[in-house]
There are 2 protein chains.
Amino acid sequence: MAKYDSTLDLCFAALGDPTRRMILQRLARGEATASELAEPHAMALPSFMEHLKKLEAAGLISSEKKGRTRVCELAPDAFTPAKNWLTEQSAIWDGRLDQFDDYVTNLTKERNK
Amino acid sequence: MAKYDSTLDLCFAALGDPTRRMILQRLARGEATASELAEPHAMALPSFMEHLKKLEAAGLISSEKKGRTRVCELAPDAFTPAKNWLTEQSAIWDGRLDQFDDYVTNLTKERNK
DNA sequence: ATTTTACTTAGGTATATGGCTAAGTATGAT
DNA sequence: ATCATACTTAGCCATATACCTAAGTAAAAT
């Protein structure tokens with residue numbers, strides 16, 4: 001495989017693991033420390049931390065060391081690239097390119113206001 | 001890892017490979033045979049066919065043998081589960097559950113008409 | 001009938017992934 | 001100052017992934 005995977009590669013690959021999706025679901029409800037996030041998962045901490053690393057490498061979360069804890073949160077617009085790709089393909093398949101164009105237009109307006 | 005991965009696991013994992021995303025992009029424009037799909041990819045055929053298998057296992061495409069060719073097409077609503085998951089998490093993060101509810105309502109209406 | 005085409009099967013390799021334990025390090029609490 | 005907590009680093013292991021070649025098989029073309 002390529003030495004440097006694209007954002008979409010890392011993003012979708014990160015989403016392909018149930019442990020990591022659970023982490024994201026948890027973070028969608030607000031920030032948390034590594035051990036808070038780890039608690040529901042029957043897994044050694046170092047194994048768990050690898051999942052956080054992959055989520056961060058994929059740009060889905062960010063984390064910051066605070067004292068001896070590491071606080072994680074969902075990255076702003078974490079899912080936008082993935083959603084855009086999916087929406088675009090659906091639109092092409094539906095033969096409704098216009099729908100995707102509208103979607104992007106709204107997105108851009110939203111961002112600039 | 002689990003012996004039987006969930007649909008979302010298989011789906012997102014399948015999307016995490018650039019070769020497979022290219023296949024989906026091609027199929028969004030219409031059905032094609034295995035060798036037509038393989039043509040742009042510098043890869044031995046058996047290697048390429050493995051990618052088709054994974055896409056099919058993930059429910060993203062379907063294929064049918066026609067004579068000596070295998071014709072592939074995008075599965076209807078291929079991306080819906082993935083998009084729904086992403087949309088739901090975004091909505092929760094935005095604190096706008098209502099938005100996701102509207103989205104699902106529209107989706108359901110669309111499907112039943 | 002023979003050959004070509006379009007896969008398909010079988011089996012092999014290198015690297016990546018997802019898990020582990022053991023032994024750090026740094027910070028907050030006592 | 002000591003101890004407990006919250007990671008972090010290092011190193012190991014089994015399985016999965018993404019590729020390969022070689023040798024089928026079955027349908028279409030000649």
Side-chain angles (χ1 to χ4, degrees), chain A residues 1-27 31-73, chain B residues 1-27 31-73:
Chain A
M1 231 195 297
K3 204 159 217 165
Y4 303 107
D5 293 341
S6 80
T7 301
L8 278 179
D9 288 1
L10 293 172
C11 180
F12 281 125
L15 290 165
D17 183 279
T19 299
R20 289 192 290 262
R21 283 201 310 281
M22 275 184 66
I23 296 170
L24 294 171
Q25 286 178 329
R26 168 62 189 76
L27 288 177
E31 61 171 43
T33 67
S35 44
E36 282 165 3
L37 290 169
E39 197 266 322
H41 302 275
M43 192 182 293
L45 227 223
S47 311
F48 183 81
M49 299 303 284
E50 278 302 306
H51 288 298
L52 292 183
K53 258 187 210 165
K54 293 206 172 173
L55 288 169
E56 195 155 14
L60 292 170
I61 71 170
S62 63
S63 75
E64 197 198 343
K65 196 91 207 206
K66 271 188 187 160
R68 62 189 162 172
T69 70
R70 178 167 291 278
V71 179
C72 303
E73 62 177 349
Chain B
M1 233 192 299
K3 204 158 215 165
Y4 303 106
D5 294 340
S6 79
T7 302
L8 278 179
D9 288 0
L10 293 173
C11 180
F12 280 126
L15 290 165
D17 182 279
T19 299
R20 288 192 290 260
R21 283 201 310 281
M22 277 184 64
I23 296 171
L24 294 171
Q25 286 179 329
R26 167 63 189 77
L27 288 178
E31 61 170 44
T33 67
S35 44
E36 282 166 2
L37 290 170
E39 196 266 322
H41 302 275
M43 192 183 292
L45 226 225
S47 311
F48 182 80
M49 299 302 284
E50 278 301 306
H51 288 298
L52 293 183
K53 256 186 212 167
K54 292 207 172 173
L55 288 169
E56 195 155 14
L60 292 170
I61 72 170
S62 63
S63 75
E64 197 198 343
K65 197 91 207 209
K66 270 187 187 160
R68 62 188 164 177
T69 70
R70 178 166 292 278
V71 179
C72 303
E73 61 178 349

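Looking at which nucleotide of DNA chain C each of Lys66(A) and Ala13(A) is closest to, the 5′-most match is held by Ala13(A).
Candidate nucleotides dT8(D), dA18(D), dC7(C) were compared by shortest atom distance to the side chain of Arg70(A), and dT8(D) ranks first.
Residues from residues 52-64 of chain B lying near DNA chain D, meaning a heavy-atom separation below 4.0 Å, are Lys54(B) in numerical order. Residues from residues 42-51 of chain B placing a heavy atom under 4.0 Å of any atom in DNA chain D, listed by number, are Met43(B), Ala44(B), Pro46(B), Ser47(B), His51(B).
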Output side-chain donor-acceptor pairs under 3.5 Å for residues 50-62 of chain B, partner residues at least two apart or in another chain, one line each.
from: Glu50(B); atom 1: OE2; to: Lys53(B); atom 2: NZ; distance (Å): 3.3
from: His51(B); atom 1: ND1; to: Arg20(B); atom 2: NH1; distance (Å): 3.1
from: Glu56(B); atom 1: OE1; to: Ser63(B); atom 2: OG; distance (Å): 2.9
from: Glu56(B); atom 1: OE2; to: Ser63(B); atom 2: N; distance (Å): 3.1
from: Glu56(B); atom 1: OE2; to: Ser63(B); atom 2: OG; distance (Å): 3.3

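Evaluation of the side chain to side chain donor-acceptor pair (under 3.5 Å) test over residues 31-40 of chain B, restricted to residues two or more places apart or in two chains, returns none.
OP1 or OP2 of dT5(D) has not a single side-chain nitrogen or oxygen of Ser35(A) nearer than 4.0 Å. The side chain of Arg68(A) places no N or O atom within less than 4.0 Å of a non-bridging phosphate oxygen (OP1 or OP2) of dT8(D). For the pair Thr69(B) and dA27(D), the criterion of a side-chain N or O lying under 4.0 Å from OP1 or OP2 is not met.
Computed from coordinates, the Glu39(A) CD to dA6(D) P distance equals 12 Å when rounded to whole Å. In this structure, Asp17(A) places its CG atom 18 Å from P of dT15(D), rounding to the nearest Å. Lys65(A) places its NZ atom 10 Å from the P atom of dA26(C), with the value rounded to the nearest Å. Atom CG of Asp5(B) and atom P of dT17(C) are 15 Å apart (whole Å).
Applying the side-chain hydrogen bond (donor to acceptor under 3.5 Å, both in side chains) rule to Thr7(A) yields no partners; only residues at least two apart in sequence or on another chain are considered. Evaluation of the side-chain hydrogen bond (donor to acceptor under 3.5 Å, both in side chains) rule for Arg26(B) yields no partner, not counting sequence neighbours.
The two residues Arg21(A) and Leu15(A) come nearest to each other via the heavy atoms NH1-O, 2.8 Å. Contact between Asp17(A) and Asp9(B) at its shortest, heavy atoms only, is C-OD1, 4.4 Å. Cys72(B) and Leu27(B) make their closest contact through O-CD2, 3.6 Å (heavy atoms, listed as atom of the first residue, atom of the second, distance).
For the atom pair CZ of Phe48(B) and OG1 of Thr19(B), the computed distance is 8.0 Å after rounding to the nearest 0.5 Å. Here the CE-CG distance, from Met22(B) to Leu24(B), works out to 11.0 Å after rounding to the nearest 0.5 Å.
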